[in-house]
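What follows is one structure encoded as structure tokens, with my remarks underneath.
Given the structure is predicted, the values throughout are model-derived calculations rather than measurements. All residue numbers in this chain count up from 1 along the given sequence.
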Amino acid sequence: IHFYKRDFMAFHDNRLWLLSHIHNSFISSDDTGICEMVLAPETFKEEVTRVAKDQNLQSFLPEVLAGQEEVDTFRPHSPDMKGSSRPRANTALQLQQKMLPKEQEQITTIHWKTPPKKSEDSIEQEEELFPRKQVKAEPTLKTAVSLLTQQLESLTPGEEQNPWQQYARFEGSHYREGVVKRVEVFPAMEERSDSVPHPIKVACVKDAKVKDVVGLVCLKYTIEERLPRLEPPAENYSLFMCEEDGTLDSDFPALDWSEPFSKYGFLQLALVRRDSSMSGATPAERVTLHLPDGTFSQVEVERADTTVGDLLEMGLHKRARNFPTSKVPLSYHLEAADVVGVALDPDSGLSTQAGSEFYIVRSNSKRVSGPREQAQGEPASFLEAPLFKSFNVQIITKVRTKVDIHLGISGERVEIDPQQQATWTVYKQKAATYDMDSIVSCEVVDKQGEDRKMFKMVYLTESGWRWTEFEGEKDTVDAVVDKVNHLLEMRQSEARKLRKEYLENKEKKKGRRLSTK
């Protein structure tokens, strides 16, 4: 093998030295990896020993293997090749030498040493040389105090505040008209010196709920110093519908607290205190009483606290005008609806009776009619028309809702008695009575499917013609219409004399419609 370096050439015939030289110096120059495979680190000692024995070079073997044990744990590689760096320019060296003294001048090296502990004598000596001085506090300058600050400071912390102040954020009087709702509220509990009611004018934001408006009304009530004083919280009060003069309409329930106030379109409302005693009271039950003249009445009682005698007195007092007066007082008793001719003990409790329908019967007499279920849906005859009968139908209210009622018809009057209604409804139907002489027409106006019909009853009032619409089962509606029409044909009245005019006007309107088509 020949090695060339510049102009010199050397001849080497020592195979042992050549293997060692290749292994340690030139193994990294072979890109093919063959050199690494031939002279692997694991078999290098065995290969060198074998070559030394073949060439009689055992004397060179210790020197070749002298440093091999130190690098057995590492992979052999060629020495790092570093080229000579370019010498720096003289200008850079001179600049560095000039800047070095300036940098050294700016650097100050301080060696930290732990100070020795002072003795008591040295401490006392320092206190004598440097005694402590007392610093006097500078007097504070008096600043000018505004009148508002003086008024705020004059307020005592224990002075009573308005308990409704938290609802002031719902005040909408300072907003424009499009985002506020205005309403007049009449306090039902207010003590007035005159009979003229003075409402509280409230303007609230539209996102306020009913409970927020109640608190706002209480806030304005307190600010205006009205009496009596309202006691918080706002849950003690409710808003009810009322007339324009502030008269409370108790037929409608209170406004729902959780609903937005903008949902209701009322302009006048009444603020009423809730009766706390009613919150835990048992709900009243409606009981139907059939009177001797064929009519009926319904009363609300608490079954647990009412006796049969109390129920009889309530029925007689409510319909006192229906009972005949005579010099000899008449006695009455109650009978159950399903048991005829057996008087109930007046001292027994009403809770012992299972039904909710009773008959007031005059002593030594019989019932005028049987239970109302017997008359339901039966066709009316001309002779039976004056007798009292009751029908289960539905009345269509002013807001087009349907309420279950008992429609009682006799030769003298027509009675509308609503059945048990929910505690809160959109429209609460009132009980009403119409004189038979004021009724002028009763006819079917529409069919609601195959099994139900709608009929309308027209009657005369002081303000003119009025009508009420009803809906019920087909057979029931036919029986009601036949019964009323029989009564209209039996007796004549001032209103019935006007019936002909009413029908003629109806025919004229019908003819006009046909002529215009």
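- Ser238 meets the side-chain hydrogen bond (donor to acceptor under 3.5 Å, both in side chains) test with Arg274; sequence neighbours excluded.
- Atom CD of Gln125 has 12 or fewer neighbouring heavy atoms from other residues, nucleotides or ligands inside a 6.0 Å radius.
- Residues satisfying the side chain to side chain contact (heavy atoms under 4.5 Å, CB included) criterion with Glu231, sequence neighbours excluded, are Tyr237, Arg273.
- Within the 4.5 Å cutoff, no side-chain heavy atoms of Met314 are placed close to those of Leu289.
- A parallel orientation is assigned to the rings of Tyr264 and Phe266, their planes being inclined by less than 30° (bins at 30° and 60°).
- Heavy-atom minimum distance, Val213 versus Cys204: CG2-SG, 3.9 Å.
- For the pair Leu255 and Phe261, the minimum side-chain heavy-atom distance is below 4.5 Å.
- Using a 4.5 Å heavy-atom cutoff, the side chains of Glu225 and Ile223 are not in contact.
- With a 4.5 Å cut-off on side-chain heavy atoms, Ile416 and Thr433 do not count as touching.
- Residues passing the salt bridge (Lys or Arg N to Asp or Glu O under 4.0 Å) test with Lys402 are Glu471, sequence neighbours excluded.
- Contact between Leu230 and Leu271 at its shortest, heavy atoms only, is CD1-CD2, 4.4 Å.
- Rounded to the nearest 0.5 angstrom, Leu311 CG and Ile360 CD1 are separated by 7.0 Å.
- Every residue two or more places apart in sequence or in another chain that forms a side chain to side chain contact (heavy atoms under 4.5 Å, CB included) with Asp207 is listed here: Val205.
- Listed by chain and number, the residues in a side chain to side chain contact (heavy atoms under 4.5 Å, CB included) with Ala188 are Val272 (sequence neighbours excluded).
- Listed by chain and number, the residues in a side-chain hydrogen bond (donor to acceptor under 3.5 Å, both in side chains) with Asp121 amount to none (sequence neighbours excluded).
- Annotation: side chain of Asp256 is not in contact with side chain of Val210 (no heavy-atom distance under 4.5 Å).
- Put simply, the side chain of Cys242 does not reach to within 4.5 Å of the side chain of Thr247, judged on heavy atoms.
- Of all heavy-atom pairs spanning Ala336 and Phe358, the tightest one is CA-CD2, 4.1 Å.
- For Thr468, the side chain to side chain contact (heavy atoms under 4.5 Å, CB included) test picks out Ile395, Tyr434, Tyr459, Phe470, with sequence neighbours left out.
- Minimum interatomic distance between Val214 and Leu239 (heavy atoms only, all atoms of both residues): CG2-CG, 3.8 Å.
- The CD atom of Gln166 lies 9.0 Å from the CG atom of Asp212; values are rounded to the nearest 0.5 Å.
- Residue pairs meeting the salt bridge (Lys or Arg N to Asp or Glu O under 4.0 Å) criterion with at least one member in residues 181-190, sequence neighbours excluded: Glu177-Arg182, Glu190-Arg226.
- Here the straight-line distance linking atom NZ of Lys206 with atom OH of Tyr175 works out to 14.0 Å at 0.5 Å rounding.
- Tyr221 places a side-chain N or O within 3.5 Å of a backbone atom of Leu227 that can act as its donor or acceptor partner.
- Applying the side-chain hydrogen bond (donor to acceptor under 3.5 Å, both in side chains) rule to Ser348 yields no partners; only residues at least two apart in sequence or on another chain are considered.
- Listed by chain and number, the residues in a side-chain hydrogen bond (donor to acceptor under 3.5 Å, both in side chains) with Thr222 are Trp164 (sequence neighbours excluded).
- Between Gln419 and His406 there is a side-chain heavy-atom pair separated by less than 4.5 Å.
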Glu473/Asp451 under side chain to side chain contact (heavy atoms under 4.5 Å, CB included): CA gap, chis, key distance, verdict
CA-CA 6 Å; Glu473 296 181 358; Asp451 300 332; over 6 Å; no
What do the steps show when you test Glu224 against His198 for side chain to side chain contact (heavy atoms under 4.5 Å, CB included), and what is the final call?
CA-CA 11 Å; Glu224 296 177 4; His198 300 282; over 6 Å; no
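- Atom CD of residue Glu357 and atom CG of residue Asp338 lie 9.5 Å apart, to the nearest 0.5 angstrom.
- Among all heavy-atom pairs drawn from Glu171 and Ser173, the shortest one is OE2-OG, 2.8 Å.
- Taking CG of Leu248 as the start and CG of Leu269 as the end, the distance is 10.5 Å to the nearest 0.5 Å.
- At a threshold of 4.5 Å between non-hydrogen side-chain atoms, the residues Thr401 and Gln429 do not count as touching.
- To the nearest 0.5 Å, atoms SG (Cys218) and CZ (Arg229) are separated by 13.0 Å.
- Glu259 pairs by the salt bridge (Lys or Arg N to Asp or Glu O under 4.0 Å) definition with Lys263, not counting sequence neighbours.
- Counting all heavy atoms, side chain and backbone alike, Glu243 lies closest to Phe186 at O-CE1, 4.5 Å.
- Considering only residues two or more places apart in sequence or on other chains, Glu469 meets the salt bridge (Lys or Arg N to Asp or Glu O under 4.0 Å) condition with Arg400.
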